[in-house]
Peer 1: 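The following block contains the structure, expressed as structure tokens.
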Amino acid sequence: METIKTDVAIIGAGGAGLRAAIALAQADPKIRIALISKVYPMRSHTCAAEGGAAGVVKPDDSYGQHFDDTVGGGDWLSDQDAVEYFIHEAPKELTQLEHWGCPWNREPDGSVAVRPFGGMKIQRTWFAADKSGFHILHTLFQTSLQYPNIQRFDEYFATDLMVDDGRCQGLTAIEMKTGQMRRFQAGAVIIAGGGAGRMFPFNTNGAIKTGDGMAMAYRAGVPLKDMEFVQYHPTGLPNTGTLLTEACRGEGGVLLNKDNYRFLQDYGMGPETPLGKPQLKTMELGPGDRVSQSIWHEIQKGRSVKTAWGDCVWLDMRHLGEKTINERLPFVRDICISYLGIDPVKEMVPIRPVVHYMMGGIHTDTKAATSLPGLYAAGECACVSINGANRLGSNSLVEILVFGHRAGLEALNYARAQKPGNDAALAAQGEAAQAKLRALFMRSIGKESISGLRKEMTDTMEEGAGIYRTQEGLAKTCEKLADLRRRYADVALHDKTNVYNTDLLSALELGSMLDCAEAVAVSGRERKESRGAHQRLDFTARDDSKYLKHSMAYYHPTEPPRIDYRDVVITTSPPGVRDYSGAKK
Amino acid sequence: MSENRLGARQVELEVLRYNPETDEAPRYQRYSVPCKNEWCMLDALNYLKDNLDPTLAYRWSCHMQVCGSCGMMINGEPKLACKAMVRDYEGVIRIEPLAHFPIERDLVSVADDFMDKLKRVKPYLIPGQPKTLAEGEYKQTPEQLKRYHKFSMCINCMLCYAACPEYGLTKSKFIGPAAITLAHRYNLDSRDGGRDERQEEIATNEGVWECTFVGACSDVCPKHVDPAAALQQVKVASTVDWYLEHFMSWSKK
Amino acid sequence: MSRRPYIQEVSPTAWFFKRPRYMRYMAREVTSIFIGIYTIIMLVGLARLSEGQAQYEGFLAALRQPLSIVFHVFALAFSLYNSFTWFNVAPKALPIQVGEGFMPDSVVAGGHYVVWVLLSLFILFWAGVI
Amino acid sequence: MAKSNKPIIWGTFAAGGELVSLITPVLIVLTLLAAMGFVPEMLGYEKLHAYASHWFGKLVIFVVLFLSLWSQAHRLRITFFDFGVRADTLVATTVYSIAALCSVATAVYLFRF
Ligand SMILES: Cc1cc2nc3c(=O)[nH]c(=O)nc-3n(C[C@H](O)[C@H](O)[C@H](O)COP(=O)(O)OP(=O)(O)OC[C@H]3O[C@@H](n4cnc5c(N)ncnc54)[C@H](O)[C@@H]3O)c2cc1C
Ligand code: SF4
Ligand code: F3S
Ligand code: FES
């Protein structure tokens with residue numbers, strides 16, 4: 001097996017992976033960096049983010065306020081030391097991107113412009129039109145091209161970590177164009193593999209967001225933290241799940257039930273605001289999770305609109321007029337016309353809440369270090385945690401930068417202090433990974449189809465671990481997932497070609513998703529309270545006495561995960577009430 | 001919902017298949033796929049892969065026209081599969097990998113050449129006046145932003161390379177529309193001072209001078225980047241450069 | 001057992017039949033043959049003019065051959081096609097920024113059409129045709 | 001990779017293209033009229049000779065012919081390539097030589113007036 005020796009290996013070349021790579025390359029031009037990604041860097045899902053990235057720059061803003069918004073938004077499940085670090089680094093990272101050429105929108109005087117964003121009480125979201133994530137990703141990718149010591153391995157699919165002598169010493173990956181296994185030996189490894197929204201049937205995530213990075217760490221014994229917290233975005237296109245940005249409501253779009261009634265006023269977000277005059281923090285501009293939850297209740301009450309794609313409510317933007325829609329929401333109009341055949345200028349658009357973001361992930365500390373020496377994680381796959389029980393929109397794009405950067409520097413320090421690994425032991429691990437793969441590959445009969453299992457998984461996730469949960473539903477989903485994991489061992493592979501075998505990769509991705517899904521469901525079953533994105537119909541209140549804790553899921557190869565708990569770090573802000581009724585001082 | 005929106009129909013796809021391990025040359029395979037009217041071609045392919053033939057290989061990720069993975073030829077035109085709507089086609093639809101690129105397998109093309117070219121044009125800010133982070137951001141007015149903004153919208157989908165005959169005819173020597181456009185984007189950026197370095201790459205025979213202004217690149221670009229305009233502007237600027245360099249060398253400092 | 005990328009060949013002589021767009025492009029390129037020949041005819045006319053009246057009259061007489069008329073008709077069609085394609089894409093080469101926006105392409109292209117019509121009328125007038 | 005010298009020709013191509021687009025159609029109309037027997041007044045021997053004898057006329061005629069020649073030569077070179085003639089150096093040498101020769105000829109003829 002071909003071995004690639006490197007100092008630091010990075011799995012994932014989205015925003016977090018690229019930021020880490022650049023940090024390493026700048027810190028030491030002699031260090032060897034292997035940047036491994038299953039897609040070309042600019043295909044990573046960071047490109048899909050539209051809204052923007054939060055960082056304190058304006059004189060009317062302060063770190064304290066960004067801190068309060070983040071911690072309150074996270075329903076006090078955020079580690080406050082991490083948030084502290086995060087908010088101070090945020091403006092530096094965003095300015096750094098500006099220096100690298102990111103086309104941030106500007107004020108007439110040439111300084112960076114900021115916009116309002118859900119849950120942020122002050123305008124502090126930097127944006128690049130409605131393509132913020134796209135510009136961030138491309139700026140990072142293009143910037144990375146100037147460093148010869150960043151060696152890219154595009155379209156390499158990482159499968160397993162290599163652990164020897166109590167520390168992470170590399171990984172195995174499939175070179176997709178040849179189908180061959182490669183062994184990366186490294187002084188330290190950073191996982192920046194992105195989220196796992198694909199384990200739900202209806203999501204805003206790209207096809208690559210299958211939680212491979214999380215699953216890899218998990219299988220290597222690193223706990224997954226707070227996995228039960230899965231964020232829904234209120235406005236997804238009902239058939240494709242494509243995100244209709246929050247700006248639809250920000251510009252004045254309203255939500256209606258089947259009787260054309262603005263139902264949000266029934267859920268504590270009223271009183272009704274005049275049409276075309278949206279007001280911060282009330283009605284349609286209430287916090288996203290509350291809006292999503294209200295839609296769910298409307299559906300339960302039978303006041304939803306029945307469509308071929310399930311129960312929806314209307315998003316009405318007609319009163320904005322063609323001109324405003326073309327100027328402010330051109331992409332939204334495009335998407336609605338393309339995928340639904342509905343022109344928002346003339347008709348109401350059916351929408352429903354859609355799985356959007358994973359708050360949970362690989363447990364790391366503020367230094368982006370995991371519990372396994374030599375292994376670091378950053379980005380959506382990691383849980384530091386700053387997002388707590390509910391991420392605020394526009395914090396995650398900054399998180400990937402702040403902790404990508406940190407992960408790079410910490411991994412460098414760690415790798416420098418290490419002696420070369422034991423080649424023979426690592427080679428044996430490589431062979432083992434190879435053998436596992438070959439077994440999957442060579443098996444001539446399998447009873448289970450990949451798409452069939454995947455469908456059963458996504459269905460049970462939506463049913464039991466969706467926007468509202470119950471003990472019974474979660475228990476059923478846990479059982480189902482355990483069963484699916486067993487049946488996965490019998491999955492059939494139809495494609496026997498080495499070159500670009502997407503059938504094989506789908507099978508591996510399904511395996512990752514099943515592992516992550518089980519962590520979500522079991523963690524959720526054990527958390528008997530409602531907090532942030534984890535809403536239970538049988539335990540409707542937050543319970544700080546028992547659950548002001550992070551849940552930690554530990555992998556078991558054949559059994560469901562073991563759940564453990566860990567205290568939340570609270571420095572200055574004791575748990576309070578999530579308050580969206582007015583600006584706090 | 002009105003009927004036509006929910007309509008479904010059986011769509012005949014003729015998909016190019018190429019398995020380097022078993023096929024001497026590419027061949028076409030027919031599939032009959034039950035499609036909904038609001039589907040894009042990518043939905044049809046995903047249905048095909050999940051239900052009819054799991055061995056078909058193609059790239060995709062975002063399903064929202066922004067990651068640039070899913071470029072392919074649909075009835076001979078370079079398109080994003082997630083942007084081409086099934087309802088806009090009739091009869092048998094032919095699906096092939098992007099023209100001009102080597103075929104790795106089925107609809108997957110080899111993108112190495114494009115990636116090399118991107119890197120070659122130095123598509124990153126080379127600051128005119130370096131600044132430290134502590135000094136804050138560079139000032140850039142909305143006008144200055146607008147100057148290059150359109151050219152920064154490229155998603156690297158490579159459709160323009162599949163459309164540009166000169167890229168095919170020169171056997172990929174031509175640096176090509178997207179890469180040159182990207183260089184131009186940085187050249188136009190008020191914060192940048194790296195134009196001279198980039199000109200060394202793009203004001204060359206294999207650079208912008210291979211472009212004969214066919215304009216196909218701009219016709220097919222799904223993001224309205226208008227690379228043909230960028231290349232034309234680069235030619236004008238390079239011509240001015242040339243005359244200045246050769247006839248008015250004293251004007252250079 | 002492994003990679004064997006298949007190279008897609010482009011026919012160097014027949015590629016432009018593939019798409020209507022390429023045919024339109026080739027039509028534009030082919031205008032150069034007609035305009036080129038026409039330029040040489042003008043040059044010949046100039047030569048004859050410099051050689052004296054008889055020679056010049058001979059040149060004018062030669063123009064009356066049917067073949068010459070046919071050529072003129074084609075040359076006119078192709079040169080008009082060339083002009084229109086040129087005007088339509090002219091805005092691309094030199095975008096004019098006005099404040100935050102750009103001058104619309106239609107304005108720049110339209111400007112070209114206006115100049116073209118005026119200039120043509122002027123030349124016709126000057127030549128005594130109208 | 002060194003910078004290209006193509007701008008030298010492209011400059012004339014761009015300028016020539018603009019000029020040709022603006023005036024060639026109407027020039028063709030003039031000679032077409034002549035070809036059909038309605039010789040425009042200006043194309044009569046006396047007038048045209050007088051025009052070509054004036055320095056301004058000479059200048060205009062030279063500029064028109066020169067730019068037209070070089071722009072069409074350049075486009076012709078590309079056209080050859082597009083039709084599959086791959087001997088670009090040979091094609092370029094030929095078409096540019098013709099353009100150069102004709103330019104010199106133009107100047108020489110203009111001197112005779
Ligand atoms: C539609 C949408 C809109 C959003 N809008 C906003 C917003 O406005 N503001 C905000 O702050 N956040 C937003 N987010 C969230 C934010 O975009 C993401 O959380 C963030 O981009 C994640 O970045 P990342 O680097 O962690 O992962 P990604 O960008 O997803 O990158 C993951 C990388 O890991 C690689 N990878 C994965 N598995 C493997 C494997 N097995 N082997 C090798 N490589 C692998 C992939 O190839 C990829 O390069 C949005 C998200 C979505 C989906
Ligand atoms: S210029 Fe347009 S067509 Fe070309 S790669 Fe970029 S987005 Fe795609
Ligand atoms: S199609 Fe090709 S030739 Fe130039 S204008 Fe576009 S790059
Ligand atoms: S799948 Fe991303 S552009 Fe089509």
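Protein chains get the first letters and strands the later ones, always in sequence-line order, with residue 1 at the start of each. Computed from heavy atoms alone, side chains included, the values below leave out hydrogens, waters and symmetry copies.
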Peer 1: Should Leu43(C) and Tyr109(D) count as side-chain neighbours, where that means a heavy-atom distance under 4.5 Å?
Peer 2: yes
Peer 1: Any heavy-atom pair between the side chains of Phe59(C) and Tyr45(D) that's under 4.5 Å?
Peer 2: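 Sidechains of Phe59(C) and Tyr45(D): no contact.
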Peer 1: Can you check side chain to side chain contact (heavy atoms under 4.5 Å, CB included) on Thr31(C) and Arg75(D), steps first, answer last?
Peer 2: CA-CA 9 Å; Thr31(C) 61; Arg75(D) 192 171 254 180; 3.5 Å; yes
Peer 1: What heavy-atom pair brings Thr79(D) and Glu29(C) nearest, and what distance separates the two atoms?
Peer 2: OG1-O, 3.3 Å
Peer 1: Pick one of side chain, backbone, both or neither for Arg112(D), based on which atoms fall under 4.5 Å of a heavy atom in chain C.
Peer 2: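 For Arg112(D), the contact with chain C is made by the side chain alone.
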Peer 1: Who among Ser53(D), Ala99(D), Gly44(D), Ala14(D) has the most heavy-atom pairs with chain C under 4.5 Å?
Peer 2: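 Answer, by heavy-atom pair count under 4.5 Å with chain C: Ala14(D).
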Peer 1: Contact part of Leu69(D) toward chain C, heavy-atom cut-off under 4.5 Å: side chain, backbone, both or neither?
Peer 2: both
Peer 1: Please classify the contact between Glu18(D) and chain C as side chain, backbone, both or neither, with a heavy-atom cut-off of under 4.5 Å.
Peer 2: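 Looking at Glu18(D), backbone and side chain both touch chain C.
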Peer 1: Against chain C, label Phe113(D) side chain, backbone, both or neither, depending on which of its atoms sit under 4.5 Å from a heavy atom there.
Peer 2: side chain
Peer 1: Do Ser21(D) and Ser83(C) get their side chains close enough for a donor-acceptor pair, meaning under 3.5 Å?
Peer 2: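 The criterion, which ignores hydrogens and geometry beyond distance, is not satisfied for Ser83(C) and Ser21(D).
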Peer 1: Give the C-alpha distance, both sets of side-chain angles, the deciding distance and a yes or no for side chain to side chain contact (heavy atoms under 4.5 Å, CB included) between Leu124(C) and Leu30(D).
Peer 2: CA-CA 8 Å; Leu124(C) 286 174; Leu30(D) 293 184; 3.8 Å; yes
Peer 1: Do you know which of Gly128(C), Ala90(C), Ser120(C) has the most heavy-atom pairs under 4.5 Å to chain D?
Peer 2: Ser120(C)
Peer 1: Run the side chain to side chain contact (heavy atoms under 4.5 Å, CB included) check on Trp86(C) and Leu22(D) step by step: do they pass?
Peer 2: CA-CA 9 Å; Trp86(C) 187 275; Leu22(D) 286 172; over 6 Å; no
Peer 1: Rounded to the nearest 0.5 Å, what separation is found between the CE atom of Met42(C) and the CG atom of Leu65(D)?
Peer 2: 5.0 Å
Peer 1: How many angstroms lie between OH in Tyr56(C) and CD in Glu46(D), if you round to the nearest 0.5 Å?
Peer 2: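 Result: 11.0 Å between the selected atoms.
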Peer 1: Where the side chain of Trp15(C) meets the backbone of Asp82(D), is there a donor-acceptor pair that is under 3.5 Å apart?
Peer 2: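 Yes, because the side chain of Trp15(C) sits within donor-acceptor range (under 3.5 Å) of the backbone of Asp82(D).
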Peer 1: Is Leu43(D) in contact with chain C via its backbone, its side chain, both, or neither, using a 4.5 Å heavy-atom distance?
Peer 2: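 Backbone plus side chain of Leu43(D), per the 4.5 Å heavy-atom cut-off to chain C.
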Peer 1: Answer with side chain, backbone, both or neither: which region of Thr39(C) has an atom nearer than 4.5 Å to a non-hydrogen atom of chain D?
Peer 2: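 Thr39(C) touches chain D through backbone and side-chain heavy atoms alike.
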Peer 1: Just wondering, more than 12 heavy atoms not from Phe125(C) lying within 6.0 Å of its CZ?
Peer 2: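 Atom CZ in Phe125(C) is not crowded, with 12 or fewer foreign heavy atoms closer than 6.0 Å.
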Peer 1: Of the non-hydrogen atoms in Val20(D) and Asn82(C), which two are nearest, and what is the gap between them?
Peer 2: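 Answer, listing the atom of Val20(D) first, then Asn82(C): CG1-ND2, 3.8 Å.
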Peer 1: Can you confirm whether the side chains of Thr31(D) and Tyr38(C) place a donor and an acceptor under 3.5 Å from each other?
Peer 2: yes
Peer 1: Less than 4.5 Å to any heavy atom of chain D: does that hold for the side chain of Tyr25(C), its backbone, both, or neither?
Peer 2: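 For Tyr25(C), the side chain is the part near chain D, not the backbone.
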Peer 1: Relative to chain D, which segment of Phe87(C) carries a heavy atom at a distance below 4.5 Å: side chain, backbone, both, or neither?
Peer 2: side chain
Peer 1: Calculate, to the nearest 0.5 Å, the distance between atoms CZ and OG belonging to Arg77(D) and Ser32(C) respectively.
Peer 2: 13.0 Å
Peer 1: Under 4.5 Å heavy-atom distance to chain D, tell me which part of Leu119(C) shows up: side chain, backbone, both or neither.
Peer 2: side chain
Peer 1: In terms of heavy-atom proximity below 4.5 Å to chain C, should Ile61(D) be classed as side chain, backbone, both, or neither?
Peer 2: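 It is the side chain, since no backbone atom gets that close.
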Peer 1: Report which part of Ala52(D) has an atom under 4.5 Å of a heavy atom belonging to chain C: side chain, backbone, both, or neither.
Peer 2: side chain
Peer 1: Under a 4.5 Å heavy-atom cutoff, which of Ala77(C), Ala14(C), Gly52(C) has the most pairs with chain D?
Peer 2: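 The residue among Ala77(C), Ala14(C), Gly52(C) with the greatest pair count is Gly52(C).
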Peer 1: Given heavy-atom pairs under 4.5 angstrom as the criterion, report whether the side chain, backbone, both or neither of Tyr51(D) touches chain C.
Peer 2: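 Contact with chain C involves the side chain of Tyr51(D) alone.
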Peer 1: Are the side chains of Arg64(C) and Met36(D) in touch, meaning some heavy atoms are under 4.5 Å apart?
Peer 2: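 SC-SC contact between Arg64(C) and Met36(D) ruled out.
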Peer 1: For chain D, find which of His112(C), Gln65(C), Arg48(C), Glu51(C) contributes the most heavy-atom pairs closer than 4.5 angstrom.
Peer 2: His112(C)
Peer 1: Does any part of the side chain of Phe81(D), heavy atoms only, come nearer than 4.5 Å to the side chain of Pro12(C), both counted from C-beta?
Peer 2: no
Peer 1: Could you tell me which non-hydrogen atom of Ser68(D) sits nearest to which non-hydrogen atom of Ile35(C), and how far apart they are?
Peer 2: OG-CG2, 4.3 Å
Peer 1: For the atom pair CZ (Phe71(C)) and CG (Leu32(D)), what is the distance rounded to the nearest 0.5 Å?
Peer 2: 11.0 Å
Peer 1: Is the ring pair Phe83(D)/Phe16(C) parallel, tilted or perpendicular, if the boundaries are 30 and 60 degrees?
Peer 2: perpendicular
Peer 1: Counting heavy-atom pairs under 4.5 Å with chain D, which one of Thr13(C), Leu76(C), Val129(C) comes out on top?
Peer 2: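 Most heavy-atom pairs within the cutoff with chain D belong to Leu76(C).
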